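So the structure is just underneath, and the comments pick up after that.
None of these values were measured; they are calculated from a predicted model. Numbering starts at 1 and runs along the sequence shown.
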Amino acid sequence: MVSCNVGDAQHHRNDWKWSMMPPVPDTLGFAGSFAGKLDDGIILLGGANFPDGKLPWEGGKKHWTDKIFFLEDNSREWLERGRLPIRLGYGASASLENAFYVGGGSNETGHQDKVYRITLENDSLQTVELQPLPMPLANMSGIRVGTSWYIVGGTTKPDAVQAENVCFRMDLKQPEDGWDVCPPLPGDGRMLAVLGTDGKALYVFSGVALRDGQRQYLRDTYRYRPGEGWAKLTNLPRAVAAAPSPCFYDSDNEQFFIFGGDDGELAQMQLGRGHPGFSNRIHMFDVERQKWYDQQTMDLLDSLPPVTTTAIVVRDTVVLPMGEVKPGIRTSQVIQGSMLPHKAKNL
């Protein structure tokens, strides 16, 4: 584990206040949904659950959805607003200038390469198909850096025995130009990584490698700067696979915050419905000092921390919609975290 003294950790402490937003109007909720800002609200679409009440090890069959939910700013309820062209989940998404972008993902037919742009026009959602990804991908991670939409890692088919280390980029100002192939991510190919950005560079945290089909939980961290390539940064103290992504960046203090995730410690244990849930730790990465701190936890009263959900970051808040709270178990809850003003403490 990366170490730091208590005084140093307290000096860099930022406290978070957690609250519940209106839940999504679905009995079970979905994991692997696409989410982001659109106009004056939040759009949430796609994903999958197990509607027959049986979990995967009980013979349950995963069902993908094409539902689209929209929550206007200051509204008290989500509204269904149309449908995706296909049922889809576990892909990548991004928002820019009143448009929402969806790429790749999977459904009952396998992994997909389709890319869509969604806009809200005269209170109606409009969907346009864009240039497809260079290959079918699901379980990858996506983030917008400036006007560039990056997609990193993933798998090309449901029974893949290894994950990819690909990195693709689309200029959302010129989507008709399609996808650029960036230098591959160093280290293991991975899925379910957490991405972050300081507004200039792309950061990749953790994820899951597949070695002969077996999951290996990763702790490595990388930064990608266009024109400079990839740089290896300090390892995480533990894996944070499938934590809400993109993660939160505090530009005032140059710090990333990662909420929860799966460290893999319980992955091989057959706990069934008795699984305690995923991590509630908050990992903070100080970019300048190249140090990790994890002295905080998510203090949630009415929900377990979710994984496999797309985080929505707006100024000093982060929204974590739905997701998976135990293996196979979804939630319809929507959590909001607000970063409180930084207070240095003298011990």
Open item on the list: I86 vs W64, test: side-chain contact (heavy atoms from CB on, under 4.5 Å). Steps then yes/no.
Closed with: CA-CA 9 Å; I86 58 175; W64 282 261; over 6 Å; no
Task: Minimum heavy-atom distance between A243 and G261, given as atom pair plus value - done: CB-CA, 3.6 Å
TODO: Starting at CG of N139, measure out to CD of E164 and round the result to the nearest 0.5 Å.
DONE: 11.5 Å
Open item on the list: If I take atom CG from residue L218 and atom CZ from residue R238, how far apart are they, to the nearest 0.5 angstrom?
Closed with: 15.5 Å
Task: Check: R281/T297 side-chain N/O donor and acceptor closer than 3.5 Å - done: no
Open item on the list: Is any side-chain heavy atom of K62 closer than 4.5 Å to one of F50?
Closed with: yes
Open item on the list: Looking at E129, I want to see if its CD is surrounded by more than 12 non-hydrogen atoms of other residues, nucleotides or ligands under 6.0 Å.
Closed with: yes
Open item on the list: Is the positively charged end of K232 above the ring of Y222, judged by distance under 6.0 angstrom from the centroid and angle within 45° of the axis?
Closed with: yes
Task: Backbone of S95 reached by a side-chain donor or acceptor of R144 within 3.5 Å - done: yes
TODO: Mind listing the closest non-hydrogen atom pair of L202 and C167 along with its distance?
DONE: CD2-SG, 4.3 Å
Task: Distance-only side-chain donor-acceptor flag, S124 / N122, under 3.5 Å - done: no
Open item on the list: To the nearest 0.5 Å, what is the distance between CD1 on I258 and OH on Y203?
Closed with: 12.0 Å
Open item on the list: Please check if the number of heavy atoms outside K67 that lie under 6.0 Å from its NZ is greater than 12.
Closed with: yes
Task: Heavy-atom pair of closest approach, residues V194 and S141 - done: N-OG, 4.5 Å
Open item on the list: Do I42 and W78 have side chains that approach each other closer than 4.5 Å (heavy atoms only, starting at C-beta)?
Closed with: yes
TODO: For N253 and Q255, indicate whether the former's side chain and the latter's backbone hold a donor-acceptor pair under 3.5 Å.
DONE: no
Open item on the list: Membership question, hydrophobic clusters at under 4.5 Å side-chain separation (ILVMFWY): are L300 and F248 in the same one?
Closed with: yes
Open item on the list: Taking the side chain as everything from C-beta on, heavy atoms only, tell me whether V318 gets closer than 4.5 Å to Q336.
Closed with: no
- [ ] Give a yes or no on whether the backbone of R225 and the side-chain of E228 come within a donor-acceptor separation of less than 3.5 Å.
- [x] no
Task: Proximity of F257 and W16 rings by center, below 6.0 Å - done: yes
Open item on the list: For the residue pair E121 / T119, report whether a side-chain donor-acceptor contact shorter than 3.5 Å exists.
Closed with: yes
Open item on the list: For the backbone of P136 and the side chain of T156, can you confirm whether one donor and one acceptor N or O come within less than 3.5 Å of each other?
Closed with: no
- [ ] Answer with yes or no after comparing the ring centroid distance for W18 and F259 against a 6.0 Å cut-off, counting only values under it.
- [x] yes
Task: Between OG on residue S33 and CD1 on residue I68, distance to nearest 0.5 Å - done: 11.5 Å
Open item on the list: Within the 3.5 Å criterion, strictly below it, is a donor on D188 or Q216 matched to an acceptor on the partner's side chain?
Closed with: no
Task: Distance, nearest 0.5 Å, that separates CE of M322 from CG of L320 - done: 12.0 Å
TODO: Could you give me the CA-CA distance, side-chain angles and deciding distance for R223 and D198, then say whether salt bridge (Lys or Arg N to Asp or Glu O under 4.0 Å) is met?
DONE: CA-CA 10 Å; R223 178 178 59 213; D198 56 8; over 6 Å; no
Open item on the list: Check this for me: does any side-chain nitrogen of one of D286 and K291 sit under 4.0 Å from a carboxylate oxygen of the other?
Closed with: no
Open item on the list: For a side-chain contact (heavy atoms from CB on, under 4.5 Å) check, start with the C-alpha distance between Y224 and V145, then their side-chain angles and the critical distance, and finish with the verdict.
Closed with: CA-CA 11 Å; Y224 176 74; V145 182; over 6 Å; no
Task: Within 6.0 angstrom of D212 CG, more than 12 heavy atoms from elsewhere - done: no
- [ ] Answer yes if L195 and Y90 sit in the same cluster of Ile, Leu, Val, Met, Phe, Trp and Tyr residues linked by side chain heavy atoms under 4.5 Å apart, and no otherwise.
- [x] no
- [ ] Would you name the heavy atoms of Q131 and M170 that are closest together and state the gap between them?
- [x] O-CE, 4.1 Å
Open item on the list: For the CG atom of L55 and the NZ atom of K326, what is their distance to the nearest 0.5 Å?
Closed with: 10.5 Å
Open item on the list: Given 3.5 Å as the limit, does a donor-acceptor pair link the side chain of T317 with the main chain of V314, or not?
Closed with: yes
Task: Side-chain heavy-atom pair R81, D123 within 4.5 angstrom cut-off - done: yes
Task: Verify same cluster id: V313, M21 (apolar side-chain graph, 4.5 Å) - done: no
Open item on the list: For a quick test of reading the model, state the closest non-hydrogen atom pair linking N235 to W292 and the distance between them.
Closed with: O-CD1, 3.1 Å
Open item on the list: Is it the case that the ring center of Y101 lies less than 6.0 angstrom away from the ring center of Y116?
Closed with: no
Task: Pairwise side-chain contact, F168 with P134, heavy-atom cut-off 4.5 Å (strictly under) - done: yes
Open item on the list: For T147 and D171: C-alpha separation, side-chain torsions, deciding distance, then whether side-chain hydrogen bond (donor to acceptor under 3.5 Å, both in side chains) applies.
Closed with: CA-CA 6 Å; T147 63; D171 184 350; 3.3 Å; yes
TODO: Decide whether V102 and L125 are clustered together by the hydrophobic rule: side chain heavy atoms of Ile, Leu, Val, Met, Phe, Trp, Tyr closer than 4.5 Å, transitively.
DONE: yes
TODO: Would you check if K37 and D73 make a side-chain contact, meaning some heavy-atom pair closer than 4.5 Å?
DONE: yes
Task: Test item: N165 side-chain N/O and P186 main-chain N/O as donor-acceptor pair under 3.5 Å - done: no
Open item on the list: Less than 4.0 angstrom from a charged side-chain N to a carboxylate O is my criterion; do D299 and K17 meet it?
Closed with: no
Task: Greater than 12 external heavy atoms within 6.0 Å of D52's CG - done: yes
Open item on the list: Are the side chains of V152 and M140 in contact, using a 4.5 Å heavy-atom criterion?
Closed with: no
Task: Plane angle bin for W179 and W149 - parallel if under 30°, tilted between 30 and 60°, otherwise perpendicular - done: tilted
- [ ] Answer with yes or no whether the hydrophobic clustering places F100 together with L172; edges join I, L, V, M, F, W, Y residues whose side-chain heavy atoms lie under 4.5 Å apart.
- [x] no
TODO: Take C182 and Y150 through the test side-chain contact (heavy atoms from CB on, under 4.5 Å) and record every step on the way to the result.
DONE: CA-CA 9 Å; C182 303; Y150 287 94; 3.9 Å; yes
TODO: Let me see the working for F34 and L44 under side-chain contact (heavy atoms from CB on, under 4.5 Å), right down to the final yes or no.
DONE: CA-CA 6 Å; F34 306 89; L44 184 58; over 6 Å; no
TODO: For R87 and D66, work out which heavy atoms get closest and say how close.
DONE: CG-N, 3.8 Å
Task: Any donor-acceptor pair under 3.5 Å from T197 side chain to G199 backbone - done: yes
Task: Check: P132 and K114 side chains under 4.5 Å, non-hydrogen atoms - done: no
